[in-house]
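These figures come from a predicted structure and were not determined experimentally.
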Amino acid sequence: MLPAGRWWDAVQVPSYLGALALDELGSDTGAVIEDGYGALYWLVPPNAADDWGLQGIAVRGETTYLAVPPQHRTKGPGLRWRVLLTPTRYLADPDRLHDALAAAVAKALGPRTPRQCCRCHRTTPAPVPVRIIHAATGPGRTVYACQVCAPHIPPGPDDLGFLEAAQRRRETR
C-alpha cells in the first residue's frame, strides 16, 4: 500500500470504461494498475485530475492509499500491472487521459444533457448532480451545478435557486 497524493494521484476507472480509454490512448498511456475487482488505475501528477467530474470515474488523492503491485506482477488474477511501469512509462499525461476517458464515458454511457448550474446559472455540458429536491405531491427533481461551482454548494435539502428567489422577494417587500 502506497499513499496517493504524494508522488501521484490515482484515477480509478471501471474496467469497461478503462478498456475503451486504453484503446483510445494506444501506446500513449502511462502505467496502469488493474485490481482484482474490476477497476483500472492510471497514475497522474498530484491534483491534476481534481476537477474532472467524469461520470463513473474517481480520483484517489491525499488521504488515500493504493495497492501497488510489485514490478514483476503482470499476470492475473488479482492485483497486477495492466500496462507495465517503466522508467519511460510512469505518469499519464493528464490532458490526454482526460480526453480519452471523456470519449470512453460518452461512448459507453452516452452524452450528458447540458444543464444550468444552480449557482452561476451558466449552461454546462458536464453537469454534476448536487441535490435532489423531493416533492410531497409528485416527482422530485435533480439540481445540477457546473464543475467549478459543485464543490461550493452548501449541504441542505433546498434548491439554491428557490432560496435565492425567495430572498429576493423578501428584500423587495
Side-chain angles (χ1 to χ4, degrees), residues 3-26 28-35 37-66 82-83 90-135 139-168:
R6 187 173 184 185
W7 304 288
W8 41 258
D9 284 351
V11 178
Q12 180 182 354
V13 181
S15 59
Y16 72 96
L17 292 175
L20 294 171
L22 280 171
D23 288 345
E24 177 79 18
L25 290 166
D28 194 20
T29 183
V32 181
I33 297 170
E34 183 171 16
D35 68 15
Y37 303 100
L40 301 179
Y41 299 84
W42 273 266
L43 306 178
V44 297
N47 305 313
D50 287 349
D51 61 350
W52 285 4
L54 294 170
Q55 188 175 355
I57 294 169
V59 178
R60 305 296 179 202
E62 200 172 307
T63 74
T64 306
Y65 281 80
L66 182 69
R82 173 79 175 255
V83 177
Y90 176 41
L91 298 178
D93 176 273
D95 295 329
R96 181 98 168 89
L97 178 60
H98 177 273
D99 292 347
L101 291 173
V105 168
K107 184 175 183 179
L109 305 176
R112 291 171 117 177
T113 304
R115 305 280 184 177
Q116 186 178 26
C117 174
C118 66
R119 185 169 182 247
C120 70
H121 305 289
R122 292 188 197 130
T123 300
T124 175
V128 177
V130 292
R131 190 165 301 130
I132 296 175
I133 306 299
H134 298 282
R141 66 186 183 94
T142 304
V143 178
Y144 297 92
C146 66
Q147 308 267 334
V148 173
C149 293
H152 304 287
I153 304 299
D158 295 317
D159 174 6
L160 289 179
F162 171 78
L163 290 175
E164 290 171 357
Q167 180 66 31
R168 281 193 299 269

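A donor-acceptor pair under 3.5 Å is absent between the side-chain atoms of Asp23 and the main chain of Gly26, judged by distance alone. Judged by distance alone, the side chain of Asp9 and the main-chain N or O of Asn47 form a donor-acceptor pair under 3.5 Å.
The two residues Gly5 and Pro46 come nearest to each other via the heavy atoms O-CB, 4.0 Å. The two atoms that bring Val11 and Ala49 nearest to each other are CG2-CB, 4.0 Å, heavy atoms only. Nearest heavy-atom pair, Pro114 versus Thr123, reported as atom, atom and distance to 0.1 Å: CB-CG2, 3.8 Å. Scanning all heavy atoms of the two residues, the minimum distance from Thr142 to Pro129 falls at CG2-CB, 3.8 Å. The shortest non-hydrogen separation linking Pro127 to Tyr144 is CB-CD2, 3.7 Å. For the pair Thr124 and Ala145, the tightest heavy-atom approach, listed with the atom from each and the gap, is CG2-O, 4.2 Å.
Here the straight-line distance linking atom CD of Gln12 with atom CD1 of Ile57 works out to 10.0 Å at 0.5 Å rounding. Taking CH2 of Trp42 as the reference point, atom CZ of Arg82 lies at 8.0 Å (rounded to 0.5 Å). Rounding to the nearest 0.5 Å gives a distance of 10.5 Å between CD of Glu34 and OH of Tyr41. Taking CG of Leu40 as the reference point, atom CG of Leu101 lies at 10.0 Å (rounded to 0.5 Å).
Residues satisfying the side chain to side chain contact (heavy atoms under 4.5 Å, CB included) criterion with Val83, sequence neighbours excluded, are Leu22, Thr29, Val32, Arg89. Residues forming a side chain to side chain contact (heavy atoms under 4.5 Å, CB included) with Leu20 (at least two apart in sequence, or on another chain): Ala104, Lys107, Ala108. For Asp93, the side chain to side chain donor-acceptor pair (under 3.5 Å) criterion is met by no residue, not counting sequence neighbours.
Sparse packing is recorded around OH of Tyr65, with 12 or fewer heavy atoms of other residues, nucleotides or ligands lying under 6.0 Å away.
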Leu54 and Leu17: side-chain contact (heavy atoms from CB on, under 4.5 Å), yes or no, with the steps? CA-CA 11 Å; Leu54 294 170; Leu17 292 175; over 6 Å; no
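Contact of the Val148 side chain with the Cys120 side chain is not registered, since no non-hydrogen atoms from C-beta on lie closer than 4.5 Å.
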